[in-house]
4 protein chains.
Amino acid sequence: MAEEKDIFKQLFDQEEPFTEKQQKIVEAAIEMFADKGYASTSTSQIAKKAGVAEGTIFRHYKTKKDLLLSIVSPTMAKLIAPFVIRDINKVLDAKYERYEDFLKAMILNRQEFLKDNMTVFKILIQEIPFHPELKEQFKEHIAQKIFEKFTALVDHYKEKGQIIDLPSPAVVRFSATSIFGLLLVRYVFLPEEDWDDEKEIDLTVQMIMNGVGKE
Amino acid sequence: MAEEKDIFKQLFDQEEPFTEKQQKIVEAAIEMFADKGYASTSTSQIAKKAGVAEGTIFRHYKTKKDLLLSIVSPTMAKLIAPFVIRDINKVLDAKYERYEDFLKAMILNRQEFLKDNMTVFKILIQEIPFHPELKEQFKEHIAQKIFEKFTALVDHYKEKGQIIDLPSPAVVRFSATSIFGLLLVRYVFLPEEDWDDEKEIDLTVQMIMNGVGKE
Amino acid sequence: MAEEKDIFKQLFDQEEPFTEKQQKIVEAAIEMFADKGYASTSTSQIAKKAGVAEGTIFRHYKTKKDLLLSIVSPTMAKLIAPFVIRDINKVLDAKYERYEDFLKAMILNRQEFLKDNMTVFKILIQEIPFHPELKEQFKEHIAQKIFEKFTALVDHYKEKGQIIDLPSPAVVRFSATSIFGLLLVRYVFLPEEDWDDEKEIDLTVQMIMNGVGKE
Amino acid sequence: MAEEKDIFKQLFDQEEPFTEKQQKIVEAAIEMFADKGYASTSTSQIAKKAGVAEGTIFRHYKTKKDLLLSIVSPTMAKLIAPFVIRDINKVLDAKYERYEDFLKAMILNRQEFLKDNMTVFKILIQEIPFHPELKEQFKEHIAQKIFEKFTALVDHYKEKGQIIDLPSPAVVRFSATSIFGLLLVRYVFLPEEDWDDEKEIDLTVQMIMNGVGKE
DNA sequence: TATGAATGAGAATTCATTCAT
DNA sequence: AATGAATGAATTCTCATTCAT
């Protein structure tokens, strides 16, 4: 289990040194952006919550939008980190013989990541529609890459005779939206409910496999 | 096909008469709210786009938020219309013997509705997180009701031996997020792509059935 | 004397209707821009002096710079009005047989104009160096045009044998800076001194004529 | 030519030693003040252009205005240096028998000075209107002194029968504004043009002499 | 019903200056 | 001497809302 972390571990960890105040600003901003949305959060409110002068925010971030991007962009990158490693197929081949093992490992891993980044993820989801740059960034760098890799993966397991003969894109969309749906509901829509995460994941994987798996 | 409309037909149709200007205002607001978000759209921009004076907006809507609610609330109501009719089970019993027939009919119907209300639906999805009243309204009146009815439906088809023995809530969540995922991707995330709607729906239903269907 | 006004009368008089508040804003802005300079005058100070809300300024002028330009540009146009009338030579021919008569009439006329527009003229002079658009506007539309017309005029009086055989541009520059110098000192640098305007003008014309006149 | 330098040589040469950073700051400030004006140049921009930290500026100059004055005041003093030497009349008597010789020598000398200090001179001219202290300083110490000495000079040459019988102040103003006009146009307004300096000066002197000279 | 000028609270951002290191 | 993070007052500009016409 520990070794799985190796595969999916976060690839981008080079954070610049933050001053104490800057840290406070980012924390305050994350909390407020998630709560009320970027557009409805004023820099003066952020400053007050962070316990700094308003000017201090603009010493570290040229604009309010810069602050948003500095929060959201790294998370976007980390979100797809597991999919950008080279030769993912070979690695998976060695590690996960069955599609469902891979699915479960991946869900667990991304869930772990989301648990730690739930708030920023919420901001990401909420703000993407309103910021063309974010949308673009997301589409080109994230959605595209995940889709490609995932399709390759499905092809891979298809060849091994584990997946039924449906168009790979459909399988991918189905698998992805199933997982995305679970995580969205679990962490964004109804985070306050009691969840038996292990069981939910098992069920989801099981149902996906029933849907696309071959005997 | 005409009869299906009977079941899912829209229940709330009592619109007050709009003046021409008011119509223009609402149209402009819908377009801009969907595009840039409620908080980032100014009443002056709406007025300009609608070709009316700024004051005119406030003749018809006491506040900017009133304008938002007047747009979004009716759509929320209509969205669940199919699920609030009494004795839905009996009706379904008579009409759709199989779970998958029901699923397909429902998806087709809601898709039709979304096609006509895509923009407002987008606004609804985008603004819910930022407006506690909307969130509350949505949770209590919409999600709750759909979940209840849907669970009853699943129990209904379970009794008929068409659904495997998983906890009904899990089946509901799985079915719902699969459908919701499809519609979300289709109409909110990637509306510009070319879609073979009929086929996508069939595939989705098929996979859901593979996931939860018996035999 | 009244007829001279005909020749040099202001050509651009189409002012849009100002609201009372707008008038107040412009008056306050003119006074303060002249006194402290554009950059050192804040819109809140202008608003206070004009007795309006700060927002009102931006209802009438999109930006602070717009306010400046709306004040300065028309004056720039009016300043050269006398030189843009067609067939100025013919008119002059009929009216002023001698170069010095023309000079005196023109100085008197422009002096009249400056007396009425001293403050805006001061702003113009002071702000031109700091605003590339103004500089450009001034160079291309004003300086250029005056220089051309003036050169033609000098040629005209040269042909009549009234001006000595120096390069026309030099004569123009000398005449112009002599006049400009007088007006600058009189109205911008030392407006508070007691001046015998008639006499100063006569002296200046006399010295210019001594400098460039024949015989 | 070397001896002329004696007469007009700069009187104030005691500059304090500048650190390298300080030098950079002053250079940056001069360039930016001349370009955008004092009020529109921020200390942070100066710091960036000078390649120093913002705080460093305030190590050397208590305030931003101090920085301006430290740049502008010495130039103001040097500008009138030639006129503050005692017994200028006697010196001139010995050196320049004719008014026009004196004029030409002086213009050449001041032109040399301006050529080396054009940028600071531009700042001086541009900022005087906005800073009462500067204005005061200029009027009392500069304009006043030049005017007095110049008047004495004109009287001096009048007695020698070289200048016609006009009121000396008028002659002074005329001569001064002619020269000032030339230098202003040459170095502030149109510095980029090609100038035949020698010739322009000769022409100006000639025209002044025609204007005020006897025979 | 419709207008649009006017408002004042508040938004993002800039700025000269201070101070601990 | 030099730094650069921090400040808070001030600046330009926006915005939802009001109201006399």
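Worth saying up front: this structure is predicted, and the values here are computed from it rather than measured. In what follows, chains are A, B, ... by sequence order, proteins preceding strands, each numbered from 1. Just the heavy atoms: all of them, side chains too, but no hydrogens, waters or symmetry mates, feed the values below.
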Between [X] ([atom1]) and [N] ([atom2]), how many Å, whole number?
X: B:Leu67; N: F:dA16; atom1: CG; atom2: P; value: 11 Å
X: D:Ile46; N: F:dT3; atom1: CD1; atom2: C1'; value: 17 Å
X: C:Lys24; N: E:dA5; atom1: NZ; atom2: C1'; value: 15 Å
X: C:Lys21; N: F:dA20; atom1: NZ; atom2: P; value: 13 Å
X: A:Tyr61; N: E:dT14; atom1: OH; atom2: P; value: 16 Å
X: C:Ile25; N: E:dA6; atom1: CD1; atom2: P; value: 7 Å
X: D:Lys48; N: E:dA16; atom1: NZ; atom2: C1'; value: 16 Å
X: C:Ile57; N: F:dT14; atom1: CD1; atom2: C1'; value: 14 Å

On a heavy-atom basis, the closest approach of C:Ile46 and C:Ala28 is O-CB, 3.8 Å
What side-chain donor-acceptor pairs closer than 3.5 Å can you find for residues 127-136 of chain C, not counting sequence neighbours?
unit_1	atom_1	unit_2	atom_2	d
C:Glu127	OE1	C:His131	NE2	3.0
C:Glu127	OE2	C:Tyr38	N	2.9
C:His131	ND1	C:Lys65	NZ	3.1
C:Glu133	OE2	C:Lys65	NZ	3.4

Stems of at least 3 consecutive Watson-Crick or G-U wobble pairs (donor-acceptor distances under 3.5 Å) involving DNA chain E, listed by first number, are E:2-21 with F:2-21
Examine the side chains of A:Glu31 and A:Thr119 and answer whether a donor and an acceptor come within less than 3.5 Å of each other. no
Could you tell me whether the side chains of B:Glu54 and B:Ser44 share a donor-acceptor contact shorter than 3.5 Å? no
Any side-chain to backbone donor/acceptor pair from [X] onto [Y]? Under 3.5 Å, distance only.
X: C:Lys48; Y: C:Ala53; value: no
X: D:Glu27; Y: D:Lys24; value: no
X: A:Thr56; Y: A:Val52; value: no
X: C:Ser70; Y: C:Leu67; value: yes
X: D:Lys49; Y: D:Ile25; value: no

Residue whose nearest DNA chain E nucleotide is more 5′ - C:Ala53 or B:His60: B:His60
Can you figure out which of E:dA6, E:dT1, F:dA6 approaches the side chain of B:Arg59 most closely? E:dT1
Heavy atoms from C-beta onward define the side chain here; which of E:dA20, E:dT3, F:dG4 lies closest to that of B:Thr56? E:dT3
Taking N or O atoms only and anything under 3.5 Å, show me the protein contacts with nucleotides 11-13 of chain E, one pair per line.
unit_1	atom_1	unit_2	atom_2	d
E:dA12	OP1	A:Lys64	NZ	2.9
E:dA12	OP2	A:Thr43	N	2.7
E:dA12	OP2	A:Thr43	OG1	2.8
E:dT13	OP2	A:Lys64	N	2.8

